[in-house]
Amino acid sequence: MSEGDSIGESVHGKPSVIYRFFSRLGQIYQSWLDKSTPYTAVRWIVTLGLSFIYMIRVYLLQGWYIVTYALGIYHLNLFIAFLSPKVDPSLMEDSDDGPSLPTRQNEEFRPFIRRLPEFKFWHSATKGILVAMACTFFEAFNVPVFWPILVMYFIMLFCITMKRQIKHMIKYRYIPFTHGKRKYKGKEDVGKTFAS
């Protein structure tokens, strides 16, 4: 292997300017993502705002319905992964080794671990909206379709998919949403102190 054969290196063995630029750009992007992590509500409000802008753009342009349909299917798949447990209980049913979800009150509490965590769900949904928005700038993606059929098909697909997911949740007794950390009540403090 001669000098300059590895990716991103120039002839003199130093990283090329283009490689350093994109590397630095990636670091800045990751830094902003890390800073946005604790602000869940703000992140989702920005994503809903971008979604609203996208919908207005599609409405005003009267086109790109197939791109919107693809975005809807993508968001539906993300949502189903968000609602699903990391380890599918139906696969764990046959094998006795490994953890399972508790079925009785006296069993050990195991928190619900998602297949797609909230942050990755938000990040993927936002990137999907931005890609769909970029597609509306190219006439090649404006495929002529009869949009009411796409809307009806999406509604049917959503209902069937959610019905299957809810049946799965009922069968394996898990709830994908929690309201804060579980609190355990200990012994009451009677306020007496011991003198030594």
Side-chain angles (χ1 to χ4, degrees), residues 26 29-30 32-33 36-37 39-95 98-101 103 110-180:
Y29 177 71
Q30 188 62 46
W32 280 101
L33 279 180
S36 72
T37 302
Y39 305 106
T40 307
V42 174
R43 286 188 281 118
W44 282 104
I45 288 171
V46 168
T47 299
L48 288 175
L50 283 172
S51 180
F52 184 70
I53 291 169
Y54 173 76
M55 285 187 243
I56 289 174
R57 179 164 173 77
V58 168
Y59 176 75
L60 292 176
L61 295 175
Q62 294 294 312
W64 287 272
Y65 301 120
I66 203 79
V67 172
T68 306
Y69 176 72
L71 179 64
I73 296 294
Y74 180 66
H75 282 172
L76 180 62
N77 285 332
L78 290 175
F79 186 62
I80 293 300
F82 177 72
L83 293 179
S84 301
K86 188 172 189 176
V87 178
D88 191 2
S90 64
L91 299 176
M92 299 300 289
E93 190 175 74
D94 297 332
S95 64
S100 64
L101 294 171
T103 56
R110 293 190 181 106
F112 181 79
I113 301 172
R114 301 179 187 284
R115 184 185 314 162
L116 182 67
E118 181 272 331
F119 184 81
K120 290 184 179 179
F121 176 37
W122 165 80
H123 189 234
S124 298
T126 305
K127 285 193 303 187
I129 292 168
L130 292 174
V131 168
M133 185 85 72
C135 288
T136 62
F137 290 100
F138 300 100
E139 193 64 35
F141 295 111
N142 190 11
V143 178
V145 292
F146 186 59
W147 66 266
I149 291 176
L150 289 180
V151 171
M152 289 305 299
Y153 186 66
F154 179 77
I155 291 171
M156 286 176 27
L157 185 65
F158 179 80
C159 292
I160 291 168
T161 306
M162 289 309 295
K163 180 181 176 185
R164 188 180 65 198
Q165 183 68 28
I166 291 169
K167 281 184 177 180
H168 191 267
M169 290 163 57
I170 291 170
K171 181 178 180 182
Y172 294 104
R173 299 185 191 124
Y174 66 89
I175 300 173
F177 301 106
T178 56
H179 300 288

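Treat the numbers as computed from the prediction; the structure is a model and nothing was measured. Hydrogens, waters and symmetry mates play no part in the numbers below; they use all other heavy atoms, side chains included.
- A donor-acceptor contact shorter than 3.5 Å is absent between the side chain of R115 and the backbone of A81.
- Rounding to the nearest 0.5 Å gives a distance of 12.0 Å between CD1 of I160 and CD1 of I155.
- For W147, there are no side chain to side chain donor-acceptor pair (under 3.5 Å) partners two or more places apart in sequence or in a different chain.
- Without hydrogens or angle criteria, N142 side chain to W64 main chain gives a donor-acceptor distance under 3.5 Å.
- Residue pairs that meet the salt bridge (charged side-chain N to carboxylate O under 4.0 Å, His left out) test with at least one member in residues 154-168, sequence neighbours left out, do not exist here.
- Of the possible polar contacts, one joining the W122 side chain to the R43 backbone as a donor-acceptor pair under 3.5 Å is found.
- Shown here for L61 and T136, the closest heavy-atom pair between the two residues is CD1-O, 4.3 Å.
- Taking the six-membered ring for Trp and the full ring otherwise, the centers of W44 and F121 sit less than 6.0 Å from each other.
- Judged as a side chain to side chain donor-acceptor pair (under 3.5 Å), and not counting sequence neighbours, Y69 has no contacts.
- Relative to the ring axis of F137, R57 places its NZ or CZ within 45° and under 6.0 Å from the centre.
- Between F79 and H75, the distance from one ring center to the other does not fall under 6.0 angstrom.
- Residue I113 holds its CD1 atom at 14.0 Å from OG of S84, rounded to the nearest 0.5 Å.
- For the pair F119 and S36, the tightest heavy-atom approach, listed with the atom from each and the gap, is CE1-OG, 4.1 Å.
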>> Checking Y29 against W32 for the ring-ring contact (aromatic ring centres under 6.0 Å, His included) test, could you report, in this order, the C-alpha distance in whole Å, the side-chain angles of both residues, the deciding distance, and whether it holds?
In response: CA-CA 5 Å; Y29 177 71; W32 280 101; over 10 Å; no

